[in-house]
Amino acid sequence: MAAAVHSATHDVVIVGGGHNALVAAAYLARAGKSVVVLERLDHVGGAAVSERPWAGVDARLSRYSYLVSLLPRRVIDDLGLRIDLKRRRYSSYTPDPSDPSRGILVDTADAAATADSFARVTGTTTEAERFAAFYDRISPVARQLFPTVTAPLQRRSAVRDALGDAELWDDLFERPLGSMLRGALDSDIARGIALTDALIGTFASADDETLRQNRCFLYHVIGGGTGDWDVPVGGMGQVSGELERAARDAGAELRTHSEVTSISPDGEVAFEGAGGSATVRARAVLSGVGPSVLARLMGDSVAASAAPEGAQVKVNMLLRRLPRLRDSTVAPEAAFAGTFHINETMTQLEAAYDAAVGGSIPSPLPAEIYCHSLTDPSILGAELRASGAQTLTLFGLHVPHRLVEGKDPDAARSELLAAAQRSLDSVLAEPIADVVFDAPDGTPCVEARTTADLENSLGMIAGDIFHGPLSWPWADDDAPLETPAQRWGVETAHDRVLLCGSGAHRGGAVSGLGGHNAAMAALELLG
């Protein structure tokens, strides 16, 4: 039975001010509901904000999230967001770890050049054909599934029937991804290029029976119905900034410096604000924080103890110029414009997983990098642009939180930064340190952000960027779909408390899906 809500001060209280919370606030306020967002920090946007990490340096970087794929055009249009997303011509560049003087450049505008680069590394043109055929084979999944993510959940059997390809269904959704990759691709390096999409923020082997790697892979290849990852002009902060504007313009109240301390099932939310302790009451509560954080706020110690685990390190850099490559056939401007894979063959990825399971930082550390400023120079000031400076973002895989938990934060950052630099240097023609930009105080413009940093700065438990295990974007055939929250995949154990963050069904990444779907459920619930 739903708990009664007495003397409601608002229709909806949203706990946490990340991008999903802003999406929900904008939708609900536009529908005429009274909405208040409570955010602990002095700004909203969560992980999707732009900052200036180095004093006196006019470079605006997103220190955590960095690309956009899963934000539906529907959300952009519904909320009138002024967001410009640029498509990258170059999908990826992957130096051959055994001989970095050659590499695979996947050029979406030149299939012949792509085939030539595959041939230089693998010795045959047929691997390029296999690689293209692999993605052609899974493309119907993106076209079918992505339009459903802003609608009530479909049943698993209905999704399978609509796909109409039982063999593809089994390969992607019933068996570990490693089997499909080994069957589709012949080379270790091509298998690794594909496998990386299954491991972003996900600690798993290619053959993990839980299929967590399959779920991560699915979300990476369905975005926009094409799987393309776009660069937000102005940086990730432009996305959250537009969402904040849309929420405020619609009439939502956004309160920063407001740390929620408890939530009751009847809609009472206590928080510590600038004026001291306060309470708001609402007909519905939307949680933009992770499920384990929500459990703690609701006094559920058992659920709160089931903490997730992030598995990555992020390194942000500002360079005086792009570094030279060992591969003379590829321009750095092409190699760094897409995703630059470092030591990410399938064999290396599996070895790195095994090393981390054993308690060691992988060596070499598998990582991927990209240069935002090549696609969008606006994140740099005029003087930096004129000087040829460029940003570089490195995302290291298979670094589970257990490797940094309990360590001195500075020591953990230094150790992981050194591992990342060694891995990157192994495929470059010069040390990355030689081209790093120095701030006015003489310090190099490099920073490492660990899972512990994510936990401490943004409250993401164990640095899990997805707030917990990713879910399939459908409902099991026997799952209850009786309430609005169940139908939209945002339910909790309490009728009037809904998930609106990355922990929601179909949540994860900078997508706004958790916020959109929670808002739709709340509108049905509130009437």
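Side chains are part of it too, since the values below use all heavy atoms of this structure and drop only hydrogens, waters and symmetry mates.
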So, the side chain of Arg506 versus the backbone of Thr148: is there a donor-acceptor pair under 3.5 Å, distance only?
yes
State, to 0.1 Å, how close Glu39 and Gly16 come at their nearest heavy-atom pair, and which atoms those are.
OE1-C, 3.7 Å
Interatomic spacing from OH in Tyr90 to CG in Asp110 - rounded to 0.5 Å
8.0 Å
Can you tell whether the side chains of Asp228 and Lys86 come within less than 4.0 Å, N to carboxylate O?
no
Measure the spacing between OG of Ser292 and CG of Asp464 and express it to the nearest 0.5 Å.
8.5 Å
Salt-bridged, Arg52 to Asp58, with N to O below 4.0 Å?
yes
Would you say the side-chain atoms of Thr122 and Thr124 include a donor-acceptor pair closer than 3.5 Å?
no
Hey, are Arg130 and Glu127 close enough for a salt bridge, meaning a charged N less than 4.0 Å from a carboxylate O?
yes
Does a donor on one side chain sit under 3.5 Å from an acceptor on the other, for Asn517 and Thr150?
no
Please lay out, stage by stage, how Arg60 and Asp376 fare under the test salt bridge (Lys or Arg N to Asp or Glu O under 4.0 Å).
CA-CA 11 Å; Arg60 291 175 293 112; Asp376 170 30; over 6 Å; no
Looking at Phe118 versus Phe131, is the centre-to-centre ring distance below 6.0 Å?
yes
Quick one, Val313 and Leu365 - any side-chain contact, counting heavy atoms below 4.5 Å?
yes
Give a yes or no on whether the backbone of Gly514 and the side-chain of Asn20 come within a donor-acceptor separation of less than 3.5 Å.
yes
Are the charged groups of Arg321 and Glu430 less than 4.0 angstrom apart, N to O?
yes
Heavy atoms, side chains only, cut-off 4.5 Å: are Leu211 and Leu177 in contact?
no
With no hydrogens and no angle check, is any side-chain donor or acceptor of Ser414 less than 3.5 Å from a backbone partner on Asp410?
yes
Would a 4.5 Å heavy-atom cut-off, applied to side chains only, mark Val404 and Leu416 as touching?
yes
Looking at Arg102 and Asp327, does any basic side-chain N land under 4.0 Å from a carboxylate oxygen?
no
Which pair of heavy atoms, one from Leu22 and one from Gly45, lies closest together, and at what distance?
CD1-N, 4.2 Å
Modelled atom types, side-chain donor and acceptor of Gln348 and Thr345, under 3.5 Å
yes
Measuring only between side-chain heavy atoms, which start at C-beta, is Thr196 closer than 4.5 Å to Leu199?
no
Rounded to the nearest 0.5 Å, how far apart are CD1 of Ile104 and OG of Ser92?
8.0 Å
Testing the 3.5 Å rule here: is there a donor-acceptor pair between the side chains of Ser98 and Asp96?
yes
If you look at every heavy atom in Ala337 and Thr375, which pair is closest and at what distance?
O-OG1, 4.3 Å
Can you check whether Gly103's main-chain N or O pairs, donor with acceptor, with Thr94's side chain at less than 3.5 Å?
no
Shortest non-hydrogen contact from Leu70 toward Gly508
CD1-O, 4.2 Å
Distance col, row Gln238:CD vs Asp84:CG, nearest 0.5 angstrom, shows 9.0 Å
Answer yes or no: is there a side-chain heavy-atom contact under 4.5 Å between Arg137 and Leu168?
yes
Yes or no on side-chain contact (heavy atoms from CB on, under 4.5 Å) for Leu470 and Tyr219, after CA distance, side-chain angles and deciding distance?
CA-CA 9 Å; Leu470 290 168; Tyr219 282 102; 4.2 Å; yes
State, yes or no, whether a side-chain contact exists between Trp54 and Pro440 at a heavy-atom distance under 4.5 Å.
no
Counting distance only, does the side-chain N/O of Glu344 pair as donor-acceptor with the main-chain N or O of Gly192 below 3.5 Å?
no
Any salt bridge linking Asp116 with Arg120? Criterion: basic side-chain nitrogen under 4.0 Å from a carboxylate oxygen.
no
Glu368 and Thr339: CA distance, side-chain angles, deciding distance, side chain to side chain donor-acceptor pair (under 3.5 Å) verdict:
CA-CA 6 Å; Glu368 44 204 59; Thr339 300; 5.3 Å; no
Heavy-atom pair of closest approach, residues Ser471 and Ala504:
OG-O, 4.4 Å
Could you tell me whether Arg402 and Glu309 make a salt bridge, using a distance below 4.0 angstrom between a side-chain N and a carboxylate O?
yes
For the aromatic rings, using the six-membered ring if either is Trp, is the centroid distance between Phe203 and His398 under 6.0 Å?
yes
Donor-acceptor check, side chain of Asp188 to backbone of Thr347, threshold 3.5 angstrom: yes or no?
yes
Does Arg191 use its side chain to pair, donor to acceptor, with the backbone of Leu185 at less than 3.5 Å?
yes
Rounded to the nearest 0.5 Å, what's the gap from CD1 on Ile369 to CG on Leu392? Could you check?
4.5 Å
Donor on one side chain, acceptor on other, Arg143 and Ser139, under 3.5 Å:
yes
Here the gap from Ser423 atom OG to Ile432 atom CD1, rounded to the nearest 0.5 Å, amounts to 12.0 Å
State whether Arg413 and Asp453 are salt-bridged, where the test is any N-O pair (Lys NZ or Arg NE/NH1/NH2 against Asp/Glu carboxylate O) under 4.0 Å.
yes
Quick one: are Asp425 and Pro431 in side-chain contact, heavy atoms under 4.5 Å?
yes
Can you confirm if the NZ or CZ of Arg215 lies within 45° of the ring axis of Trp472 and under 6.0 Å from the centre of its six-membered ring?
yes
Does the pair Asp99 and Ser101 meet the rule for a side chain to side chain donor-acceptor pair (under 3.5 Å), with working shown?
CA-CA 5 Å; Asp99 181 5; Ser101 68; 2.6 Å; yes
Going by distance alone, is a donor N or O of one side chain under 3.5 Å from an acceptor N or O of the other, for His401 and Thr451?
yes
Is the closest basic N to carboxylate O distance between Lys314 and Glu447 below 4.0 Å?
no
For His505 together with Trp474, are the ring centres under 6.0 Å from each other?
no
Checking Leu71, Leu67, Leu85 against Asp230 for side chain to side chain contact (heavy atoms under 4.5 Å, CB included), the one that qualifies is Leu85
Tell me if the centroids of the rings in Tyr370 and Phe340 come within less than 6.0 Å of each other.
no
Is the side chain of Gln312 donor-acceptor paired with the backbone N or O of Gly463 at a distance under 3.5 Å, no angle test?
yes
Which heavy atom of Thr202 sits nearest to which heavy atom of Cys216, and what is that distance?
OG1-SG, 3.4 Å
Start with the C-alpha gap between Phe146 and Thr226, add the side-chain angles, then the distance that decides, and say whether side-chain contact (heavy atoms from CB on, under 4.5 Å) holds.
CA-CA 9 Å; Phe146 193 67; Thr226 65; over 6 Å; no
Donor + acceptor pair across side chains of Tyr64, Ser457 (<3.5 Å)
yes
Do Thr114 and Asp107 get their side chains close enough for a donor-acceptor pair, meaning under 3.5 Å?
no
Heavy-atom side-chain proximity of Val435 to Leu322 below 4.5 angstrom:
no
Evaluate the side-chain contact (heavy atoms from CB on, under 4.5 Å) criterion for residues Cys445 and Asp438: first the C-alpha distance (whole Å), next the side-chain angles of each, then the deciding distance (0.1 Å), finally the verdict.
CA-CA 6 Å; Cys445 292; Asp438 287 333; over 6 Å; no
